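One structure is given here, and the rest of the page talks about it.
The model shown is predicted, which means the values in this text are computed figures rather than measured ones.
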Amino acid sequence: MYVPFENLPPESRIWIYQSNRKFSDEEWAAIEAEVKDFVDSWAAHGTSLEASFVLKYNRFIILAVNPEIQQATGCSIDRSVQFIQSLEEKYQVDLLDKMNVTFKLGEHIAYKPLMEFKKMVKDKAVSEKTIVFNNLVNTIEEWNYDWEIPAGESWHSRFF
């Protein structure tokens, strides 16, 4: 059952999917409707999940579940991955590859393979102050405080 994202408690579990390209505004509007329909019908063992989503920067899909009502289970998580795979196929994007880095270059959002990001560090094209998206966060609370952070404060710090 869909609830507004801001109504979920801070300990709600999240999953972040980043696109390898920016979606057009038309694609983004269609994706928003598709994600809302999915979240509204998302269930675990026949019990509706109190769930939501947020879309950011025409590039990130963040799904969330309130664990106080019903935990997401293996089957429900599998269903969400299947849904994300269907979006990948429909829009010809990559949303599941976790070996890429998304970061800010001024107002621009850049997406690079990990090896290319490491080369950018070596070449001083990015610094410890470069804002990266830490998609390893697990809860809304972590997302609020640790998603957009300087690279030097994230798992990316090992490259500096």
Side-chain angles (χ1 to χ4, degrees), residues 1-104 109-115 117 131-151 153-159:
M1 137 188 71
Y2 170 81
V3 297
F5 192 82
E6 59 274 6
N7 291 357
L8 289 174
E11 63 276 2
S12 294
R13 175 77 168 91
I14 64 167
W15 295 266
I16 300 172
Y17 301 97
Q18 68 182 6
S19 174
N20 61 324
R21 69 168 173 84
K22 184 177 179 179
F23 289 103
S24 71
D25 290 341
E26 295 78 21
E27 288 174 321
W28 209 228
I31 288 168
E32 182 174 21
E34 292 173 69
V35 174
K36 186 170 187 309
D37 286 345
F38 168 75
V39 166
D40 202 35
S41 65
W42 200 8
H45 299 293
T47 301
S48 287
L49 295 172
E50 185 173 280
S52 194
F53 69 95
V54 66
L55 305 176
K56 296 290 280 184
Y57 302 113
N58 285 49
R59 196 177 277 272
F60 295 93
I61 300 169
I62 298 107
L63 300 178
V65 171
N66 181 352
E68 294 175 358
I69 304 299
Q70 171 70 39
Q71 292 277 347
T73 61
C75 291
S76 62
I77 294 168
D78 288 349
R79 188 165 167 241
S80 69
V81 171
Q82 291 167 353
F83 169 71
I84 294 297
Q85 288 171 325
S86 74
L87 293 177
E88 284 184 317
E89 188 174 320
K90 182 174 183 177
Y91 295 99
Q92 297 297 295
V93 295
D94 186 356
L95 294 164
L96 293 168
D97 190 344
K98 303 290 187 196
M99 292 306 296
N100 295 301
V101 180
T102 306
F103 55 99
K104 289 184 175 179
I109 305 290
Y111 175 93
K112 300 289 182 192
L114 187 57
M115 294 307 291
F117 183 79
I131 299 298
V132 295
F133 295 92
N134 176 14
N135 296 326
L136 299 178
V137 297
N138 291 308
T139 65
I140 289 177
E141 182 173 35
E142 290 174 0
W143 181 74
N144 284 330
Y145 297 103
D146 295 324
W147 184 51
E148 293 184 47
I149 59 174
E153 296 176 23
S154 76
W155 67 268
H156 305 86
S157 66
R158 64 182 173 211
F159 303 132

Does a side-chain heavy-atom distance below 4.5 Å link Glu11 with Glu68?
yes

Determine the minimum heavy-atom distance between Ser48 and Gln70, stating which atoms define it.
O-CB, 4.1 Å

Examine Phe133 together with Tyr57 and report whether their ring centres are nearer than 6.0 Å.
yes

Heavy-atom closest pair, residues Ser76 and Ala43
CB-O, 3.2 Å

Consider only side-chain N and O atoms of Asn100 and Gln18, and report whether a donor and an acceptor are under 3.5 Å apart.
no

Ile61 versus Leu55: any side-chain heavy-atom pair under 4.5 Å?
yes

Examine distances only and state if a side-chain atom of Ser52 and a backbone atom of Val3 form a donor-acceptor pair shorter than 3.5 Å.
yes

Within the 4.5 Å heavy-atom criterion, are Leu63 and Val35 side-chain neighbours or not?
yes

Do the non-hydrogen side-chain atoms of Asn66 and Pro9 ever get within less than 4.5 Å of each other?
yes

Quick test of your reading: applying salt bridge (charged side-chain N to carboxylate O under 4.0 Å, His left out), list the pairs with at least one residue in residues 74-103, sequence neighbours left out, ordered by first then second residue.
Glu34-Lys90

Tell me whether the centres of the aromatic rings in Trp42 and Phe53 are closer together than 6.0 Å.
no

When rounded to the nearest 0.5 Å, the distance separating CG of Asp37 from CD of Glu32 is 11.0 Å

Against the six-membered ring of Phe103, is Lys112 placed for a cation-pi contact (under 6.0 Å from the centre, within 45° of the normal)?
no

First locate atom OG1 of Thr73, then atom NE2 of His45, and finally report the distance between them rounded to the nearest 0.5 Å.
3.5 Å

Could you tell me whether the side chain of Val54 reaches within less than 4.5 Å of the side chain of Ile14, counting heavy atoms only?
no

So, Asn20 side chain and Val93 main chain: donor-acceptor pair closer than 3.5 Å or not?
no

Lys/Arg N to Asp/Glu carboxylate O, Arg21 vs Glu27, below 4.0 Å:
yes

Could I get the full list of salt bridge (charged side-chain N to carboxylate O under 4.0 Å, His left out) partners for Glu153, not counting sequence neighbours?
none

Of the non-hydrogen atoms in Leu96 and Gln85, which two are nearest, and what is the gap between them?
CD1-CG, 3.6 Å

In short, Val65 meets Ala72 closest at the heavy-atom pair CG1-N, 4.2 Å

Can you name the closest pair of heavy atoms from Ile140 and Ala64 and give their distance?
CD1-CB, 4.2 Å

Side-chain heavy-atom pair Lys104, Glu148 within 4.5 angstrom cut-off
yes

Would you check if the distance from the ring center of Phe5 to the ring center of Trp143 is below 6.0 Å?
yes

I need the minimum non-hydrogen distance between Tyr17 and Ser80, along with the two atoms involved.
OH-OG, 4.1 Å

When you look at NZ of Lys22, are more than 12 heavy atoms from neighbouring residues, nucleotides or ligands closer to it than 6.0 Å?
no

Are any of the side-chain heavy atoms of Asn135 and Trp147 separated by less than 4.5 Å?
yes

Supply the atom-to-atom distance Thr102 OG1 to Ile109 CD1, rounded to the nearest 0.5 angstrom.
8.0 Å

Separation between CH2 (Trp155) and CD1 (Ile149), nearest 0.5 Å, reads 11.0 Å

Beyond-backbone contact of Trp15 with Val81, side-chain heavy atoms, under 4.5 angstrom:
no

At what distance, to the nearest 0.5 angstrom, does CG of Leu136 lie from CD of Glu142?
9.5 Å

Please round to the nearest 0.5 Å and tell me the distance separating atom OG of Ser86 and atom CG of Leu95.
9.5 Å

